[in-house]
Amino acid sequence: MWDFILASGNLPFSLAFVLVCAIGLLQLLSLLLGLGLSELIDTALPDLDIDNPGFFANGFNWLCLGRLPFLIWLLLWLLLFAIIGWTLQWLLMNLLGGLLPPLPVAIAALAVSLPLQRRLSLLLVKLLPTTETNAVFQRELIGLVGEVVIGEASRERAAEVSVTDKQGHKHYVMAKPYDDLVLSQGQLVLLFDLEDGIYLVSPYPG
Amino acid sequence: MENLDFILMVAGAVVAGLLFIGLIFTKLYHRASKEVAFVRTGMGGEKVVKDGGTLVLPVLQEVINVNMNTLRLEVRRANEAALITRDRMRVDVTAEFYVRVAPTVEAISVAAQTLGNRTLEVDALKSLIEGKFVDVLRAVAAEMAMEELHEKRSDFVQRVQNNVRVDLEKNGLELESVSLTGLDQTDPKFFRVDNAFDAEGLTQLTKITESRRKQRNDIERETEVQIQERNLETEQRSLAIKRESEYARLQQEKEVELRRAAQTTDIAKERADKNREAELVTIEADRAIEEARIAKEREVEAREIDKRRQLEEAEIVRKRTLELAEQEKAIALARKSEEESAARAKASEAEALSVAAQENVRTVQETAVAERDKQIEIIEASKAAEMDAVKIRVAAETEKAAAEDRAEALLTEAKANAEKAEIEAQAEAAAEKTRADAKAKSYEVEAAGQRALHEASNVLSPEQVEMQLKLALYKYLPDIIRESVKPLENIDGIKIVQMDGFAGQASGHGDDKREGGSGNLADSVTEAALRYRTQAPLVDALLGEIGLKDGITKLDKLNS
């Protein structure tokens, strides 16, 4: 086995795998020691302007380079390159009885690996969670029904209204009636506008 | 190289690669917790993450954490720094503000911007916003009187909320609640006389406290009086209660005694009743027995009476039957005699009939004579009529025939009557003859009876003749005697005069007492009486005749 790995024909692929291992072990080490190695590497990379895509950017986009963390992307590619190269050499060895020189095989492996890289990247982008939040915008509360909790709401003086958002979280907001009304405590109200951080409400029947 | 080796190699490479990829991902994924939200900035713009997570690319992106916990900020204003209320009083206030970052995108974003990591440190936050709270407290206190602060909590909270809202919003915070944990009037020593606010407040304070003191004193005094009154009342009540209880006890004893007495009486009454009932029952039983006995006796009696009555009735019936029989017999006898007289009447009737028949015969004879004369006349008339008219001849002839028929009938009738009369006369004669015979026979029998009687008297024995004589004598003896004593009737009165010296001469004695007189006197009376009895021998002879020799007394009796 080691003969196969260390064969001259397999040199680029084995090197790629060694790189994978090295990066991984470094990450593990940094996790254990608290060193932000990946940040260092990331910092070293140039900022990509997504808004102004050039040729490279388009290419990166096609490869999902900007949509995956760089290290992950790199690891994935290196792994693909190594495995494809090894497989090709192994197949050739079994067919021809000997290994081919590395360069032509490496080119072939690169050619095969890039579309595969794209596929797997897209899959990974879908698989990996990106942003999840329950935070709501203030305007999202408009249209919900709340209840006056403390005091009496009048045009001059807003009162606290509790309202439950779509995720089931309770918000306590200040609200006042849109008209010359007095909303007593316990009154159900419909939030229908937002004005300077105060909601305008109307009594909600029933 | 073996296939297996190659497969193992590739598989190991894949596994190692995936492991490393996962490791890197773990390092890059930033999570929010319930307590902490964060804002990611950098590549991709601002992103507020709450309760979720996101990939944070190193170098490209930055994260600011925002504490979502409620933070308690205590604000205390006391003494010189005390708040001044609407009624110019100084109050020491300890208020606790509960603030938190509002759970909206905008608020978290603003909080991250304005507060940054200070949301995680309460003291840092407090130093930043305490001034705002003090300001708000002052403003709200100025709007409310001390008592309102004390009483209207929700009003206070709402005012604070309204005042503080804008300021807090600028930091993305919201006031969850505010509590007045301490509220009291500031010590008067901190009131400064030369302070306009304090001067007014002090006056008011003094007024209030003094009036309260007065009021308190009033209440205390009043209370004292009331207490004493109450005590007195209590004493009275207690005594009254004792009295009542004593009364009640006495009453109860009385009732018990009464009840006991009543009970005893009842028992005695009951007993008496029972005894009486028993007596009554006994009496009743006795009476019943007696009644039964009486009834029985009465029944026996009644039966006896019944029997007797039945016997009597039977007797009566028997007697009546007898009488009836006798009567019937008598009736029968009477009827017989009636029949006899009826027969006799019939006989005389028959005789009358025979006489009438004889009369009839004569009448018929005369009628026949008259008829014959008439016929002669008719014949003569017809002769005349024949001569008068031939037309009525037939009629006349018819008439004549009818007349003839009639005459014939009459003749026949007369003949029959004559025959009948003859027969009846004969029957009468026979009856008369028979009757005469019967009479003759009856007389014969009677005569025979008489003769037999005479014969019987003729054949009487001498003793019987004598007896007949005696009977005759009996019959006429009273008359004889009456006639014989007729001279005695003339005696008016008997006077017995004793004449001594007249030997052998009887003397009357005027007394009709028959006391034992001397022999002499008795003898003389008897003699005197006997002397009147001149016809005595005759009477005696007659008496002797009928065997009544010493029946002088009887004779006297007869006489009287």
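Every chain is numbered from 1, with letters handed out A, B, ... down the list of sequences. Computed from heavy atoms alone, side chains included, the values below leave out hydrogens, waters and symmetry copies.
Listed options A:Leu75, A:Leu25, A:Val149 were ranked by heavy-atom pairs under 4.5 angstrom with chain B; first place goes to A:Leu75.
Taking both residues in full, the closest heavy atoms of B:Glu106 and A:Arg139 are given as OE2-N, 4.3 Å, listed atom of the first, atom of the second, then distance. Looking at every heavy atom in both residues, B:Asp155 comes nearest to A:Arg157 through OD1-NH2, 2.8 Å. Here the closest heavy-atom approach between residue B:Val105 and residue A:Phe137 is recorded as CG1-CE2, 3.2 Å. Taking every heavy atom of both residues into account, A:Met174 and B:Asn162 meet most closely at CE-OD1, 3.9 Å. Across A:Trp86 and B:Phe6, no two heavy atoms sit closer than the pair O-CE1, 3.8 Å. Shown here for B:Arg100 and A:Tyr172, the closest heavy-atom pair between the two residues is NH2-CD1, 3.1 Å.
Rounding to the nearest 0.5 angstrom, the gap separating the CH2 atom in A:Trp73 from the CD1 atom in B:Ile24 is 13.5 Å. Separation of atoms CD (A:Gln167) and CG (B:Asp51) is listed at 8.5 Å; rounding is to 0.5 Å. For the atom pair OG1 (A:Thr87) and CE (B:Met9), the distance works out to 7.5 Å, reported to the nearest 0.5 Å. For the atom pair B:Phe25 CZ and A:Ile72 CD1, the distance stands at 6.5 Å (nearest 0.5 Å).
Of the two parts of A:Ala82, neither the backbone nor the side chain holds a non-hydrogen atom closer than 4.5 Å to a non-hydrogen atom of chain B. Of the atoms belonging to A:Ile150, heavy atoms from both backbone and side chain fall under 4.5 Å from chain B. In this structure, no portion of A:Leu78 lies under 4.5 Å from any heavy atom of chain B. In this structure, the portions of B:Ala13 lying under 4.5 Å from any heavy atom of chain A include both its backbone and its side chain. Residue contact with chain A, scored on non-hydrogen atoms closer than 4.5 Å, involves the backbone of B:Leu18 exclusively. Of the atoms belonging to A:Asp165, not a single heavy atom falls under 4.5 Å from chain B. Proximity to chain A (any heavy atom under 4.5 Å) is shown, for B:Val166, by neither the backbone nor the side chain. The part of B:Leu23 that comes within reach of chain A is its side chain, from C-beta onward, which places non-hydrogen atoms under 4.5 angstrom from that chain. With a 4.5 Å cut-off on non-hydrogen atoms, A:Phe17 touches chain B through its side chain but not through its backbone. For A:Leu28, the parts lying under 4.5 angstrom from a heavy atom of chain B are both the backbone and the side chain.
Heavy-atom neighbours of B:Lys132 NZ from other residues, nucleotides or ligands within 6.0 Å: above the threshold of 12.
In this structure the side chain of B:Thr104 never reaches within 4.5 angstrom of the side chain of A:Val173, judged on heavy atoms.
Distance alone, capped at 3.5 Å, places no donor-acceptor pair between the A:Glu160 side chain and the B:Gln158 backbone. Between the B:Gln161 side chain and the A:Ala159 main chain, no donor and acceptor come within less than 3.5 Å of each other.
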- request: Check step by step if salt bridge (charged side-chain N to carboxylate O under 4.0 Å, His left out) holds for B:Arg165 and A:Asp196.
  value: CA-CA 11 Å; B:Arg165 186 187 56 79; A:Asp196 289 337; over 6 Å; no
